[in-house]
2 protein chains.
Amino acid sequence: MSKLGKKEFNREGLLNQGVVFFMNQGYHGTGLQEILDAVNVPKGSFYNYFSSKEEFGAAVIQHYIEPFISRLSTHLQQSDSDALGAIRRYFAELIVELEENKFKGGCLLGSLMGEIGSTSDICQQSLQSAIARYRDLLQSGLARAQQQGTVRTDKTPEEMADLLINTWQGALLRMQIEKSSAPVKQCCHDLLDDFFIR
Amino acid sequence: MSKLGKKEFNREGLLNQGVVFFMNQGYHGTGLQEILDAVNVPKGSFYNYFSSKEEFGAAVIQHYIEPFISRLSTHLQQSDSDALGAIRRYFAELIVELEENKFKGGCLLGSLMGEIGSTSDICQQSLQSAIARYRDLLQSGLARAQQQGTVRTDKTPEEMADLLINTWQGALLRMQIEKSSAPVKQCCHDLLDDFFIR
DNA sequence: TTATAAAAAACGACCGGTCGTATTTTTAAA
DNA sequence: TTTAAAAATACGACCGGTCGTTTTTTATAA
């Protein structure tokens with residue numbers, strides 16, 4: 001493997017394991033050594049990839065949200081005549097995976113917002129932008145659902161997108177400690193099958 | 001001050017400071033030394049009060065939720081002919097305080113659910129019971145509001161209490177990183193002034 | 001040979017927890 | 001009521017280990 005290729009490979013590995021460990025143990029509960037061991041990168045090499053743990057954390061956040069954005073985006077494109085259905089199916093898909101994972105990790109964004117959202121400026125900014133991107137996409141989907149007549153129009157798409165994201169985050173936290181998918185299922189039902197309709 | 005009195009005094013002080021530090025810096029981000037220094041208790045004495053940091057964390061959780069329960073309970077008693085109004089005023093009061101605190105700390109329960117909800121059995125149980133107690137109280141208030149005809153009756157009080165708690169938690173997380181009370185205000189408006197009404 | 005990146009070694013600070021001991025409080029016997 | 005034994009608490013030094021980061025050395029490529 002080429003030199004530059006390996007460097008990118010290691011960087012990706014660090015980010016992937018960063019997501020896993022930060023989700024399971026939190027930011028302060030995870031040592032760099034654990035992540036480095038998991039991808040066989042020497043400790044001294046870490047700072048060739050990232051300038052600090054804090055900046056690494058910010059990068060992990062961006063790395064984490066990417067698949068969710070592209071998946072939701074795919075759903076919205078696939079069934080562009082039924083945006084509300086696309087959103088419903090997207091979240092239903094997430095719930096299946098959460099159940100498969102036995103409710104171990106919820107959402108990295110939610111966990112890190114609580115843990116370091118107020119203390120690390122760098123991570124706070126990263127969290128802001130990650131959620132903003134996610135919200136904007138959800139908002140555009142809800143706006144189209146309004147045009148298609150499947151979602152009430154007396155609330156702005158932005159307001160509903162924010163409410164859905166916030167409730168989803170809270171439900172994920174509940175899910176973790178209740179070890180049940182009931183909270184997330186109820187979240188989707190209450191909002192997508194009731195409150196957003198009319 | 002009597003000796004037994006001092007012991008209880010120190011214990012309370014540790015719990016109070018535990019709430020503050022865990023809220024601001026998280027569980028793993030807070031060392032026992034910080035808390036001990038804040039209440040002038042020697043390191044070696046900590047284990048006369050609590051058997052471990054983990055058990056201390058579980059006690060802090062219970063200590064944290066108590067004032068919220070008693071405050072909501074007071075509101076419900078004060079205006080027992082308007083349970084929905086009591087709930088509205090309770091949350092409005094919380095929002096004022098959050099704004100006074102410049103959105104520094106959100107909710108300890110939400111933060112700890114994400115950080116250690118899946119890793120510490122003891123704290124997980126404490127979080128479960130704390131939230132259950134809070135939910136039961138909110139549920140009873142919503143049930144009375146239903147009897148008073150101010151809240152829709154086609155949803156169970158339990159379902160609405162859960163939804164309100166979860167959305168509130170998610171909104172608190174958003175508030176922290178957006179440094180704005182808009183999320184929590186919107187949470188209360190969307191649910192208490194719209195979704196729960198009929 | 002020189003410049004550059006990778007990796008090993010080392011850094012001080014701090015972690016949660018334990019230790020022996022000093023002091024106090026409680027218990028029980030006298 | 002006084003006294004002696006015992007139990008509980010207070011306390012700071014200290015444990016091995018890990019933290020994130022820096023410095024120094026080694027390997028690689030130009």
Side-chain angles (χ1 to χ4, degrees), chain A residues 1-15 17-61 112 115-116 119-124 126, chain B residues 1-15 17-61 112 115-116 119-124 126:
Chain A
M1 185 180 308
S2 75
K3 215 68 193 302
L4 280 180
K6 172 167 183 179
K7 170 148 186 174
E8 264 317 300
F9 178 79
N10 277 343
R11 212 187 123 94
E12 281 277 315
L14 287 171
L15 289 172
Q17 288 302 316
V19 168
V20 172
F21 278 101
F22 287 163
M23 280 236 303
N24 289 336
Q25 308 175 182
Y27 177 83
H28 289 298
T30 300
L32 292 180
Q33 194 64 66
E34 297 180 88
I35 300 171
L36 291 161
D37 288 347
V39 287
N40 268 9
V41 167
K43 189 167 187 177
S45 299
F46 176 81
Y47 294 89
N48 296 330
Y49 298 98
F50 304 96
S51 63
S52 70
K53 185 188 184 182
E54 201 179 356
E55 295 232 30
F56 174 65
V60 167
I61 289 166
L112 292 191
E115 187 182 358
I116 53 173
T119 52
S120 163
D121 286 340
I122 298 174
C123 291
Q124 182 177 92
S126 187
Chain B
M1 184 182 309
S2 76
K3 229 52 205 294
L4 277 182
K6 173 168 182 179
K7 165 147 187 177
E8 267 316 302
F9 177 78
N10 277 343
R11 213 187 122 93
E12 281 276 316
L14 287 171
L15 290 172
Q17 288 302 315
V19 167
V20 172
F21 278 101
F22 287 164
M23 281 236 306
N24 290 336
Q25 308 174 184
Y27 177 83
H28 289 297
T30 301
L32 293 180
Q33 197 62 64
E34 296 180 88
I35 299 171
L36 292 162
D37 287 348
V39 287
N40 268 11
V41 168
K43 184 73 174 287
S45 298
F46 175 82
Y47 294 89
N48 293 329
Y49 298 99
F50 305 96
S51 63
S52 69
K53 185 187 184 183
E54 200 179 356
E55 295 232 30
F56 174 66
V60 167
I61 290 165
L112 292 191
E115 186 181 357
I116 53 174
T119 51
S120 163
D121 287 340
I122 298 174
C123 291
Q124 181 176 93
S126 186

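Every chain is numbered from 1, with letters handed out A, B, ... down the list of sequences.
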Test your reading of the model: is there a side-chain donor-acceptor pair from A/Glu55 to the backbone of A/Ser52, 3.5 Å cut-off? no
Heavy atoms only, 4.0 Å cut-off, all strands: where does A/Thr30 land among base, sugar-phosphate and nothing? sugar-phosphate
Distance (rounded to the nearest 0.5 Å) between A/Thr119 OG1 and B/Asn24 CG: 8.5 Å
Nearest whole Å is fine: how far is D/dA10 P from B/Lys43 NZ? 17 Å
Report yes if a side-chain nitrogen or oxygen of B/Tyr49 is closer than 4.0 Å to either non-bridging phosphate oxygen (OP1 or OP2) of D/dA10; otherwise report no. yes
Can you tell me the distance, in whole Å, between the CD atom of A/Gln25 and the P atom of D/dC19? 10 Å
Between B/Lys53 and C/dG16, is there a side-chain N or O to OP1/OP2 distance below 4.0 Å? yes
Could you state the atom-to-atom distance from CZ of A/Phe50 to P of D/dG20 in whole Å? 14 Å
Nearest 0.5 angstrom please: B/Phe50 CZ to B/Leu15 CG, how far? 4.0 Å
When rounded to whole Å, the CZ to C1' distance for the pair B/Phe9 and D/dT9 reads 17 Å
How is B/Phe46 classified with respect to the nucleic acid when contacts are heavy atoms under 4.0 Å: base, sugar-phosphate, or nothing? nothing
Give the rounded distance in Å between these two atoms: CZ of B/Phe21 and P of C/dC15. 11 Å
With respect to the side chain of B/Pro42, which nucleotide from D/dC11, C/dC15, D/dA13 is positioned closest? D/dC11
In whole angstroms, how far is the P atom of D/dC15 from the CD atom of B/Gln33? 16 Å
Candidate pair B/Phe22 and B/Ile35, rule side-chain contact (heavy atoms from CB on, under 4.5 Å), full reasoning: CA-CA 10 Å; B/Phe22 287 164; B/Ile35 299 171; 4.3 Å; yes
Determine the contact category for B/Gly44: base if any of its heavy atoms lies under 4.0 Å from a base atom, sugar-phosphate if only primed atoms, P, OP1 or OP2 are that close, otherwise nothing. base
Is the phosphate of D/dT9, meaning OP1 or OP2, less than 4.0 Å from a side-chain N or O of B/Ser45? no
Is it true that a side-chain atom of B/Glu54 and a backbone atom of B/Ser120 form a donor plus acceptor pair closer than 3.5 Å? no
To the nearest angstrom, how far is B/His28 atom NE2 from D/dG20 atom P? 12 Å
A/Leu32 has its side chain closest, among D/dG20, D/dG12, D/dC19, to D/dG20
Distance test, side-chain N/O of A/Asn48 to OP1/OP2 of C/dA5, below 4.0 Å: no
Separation of C/dG17 P from B/Ile35 CD1 (nearest whole Å): 12 Å
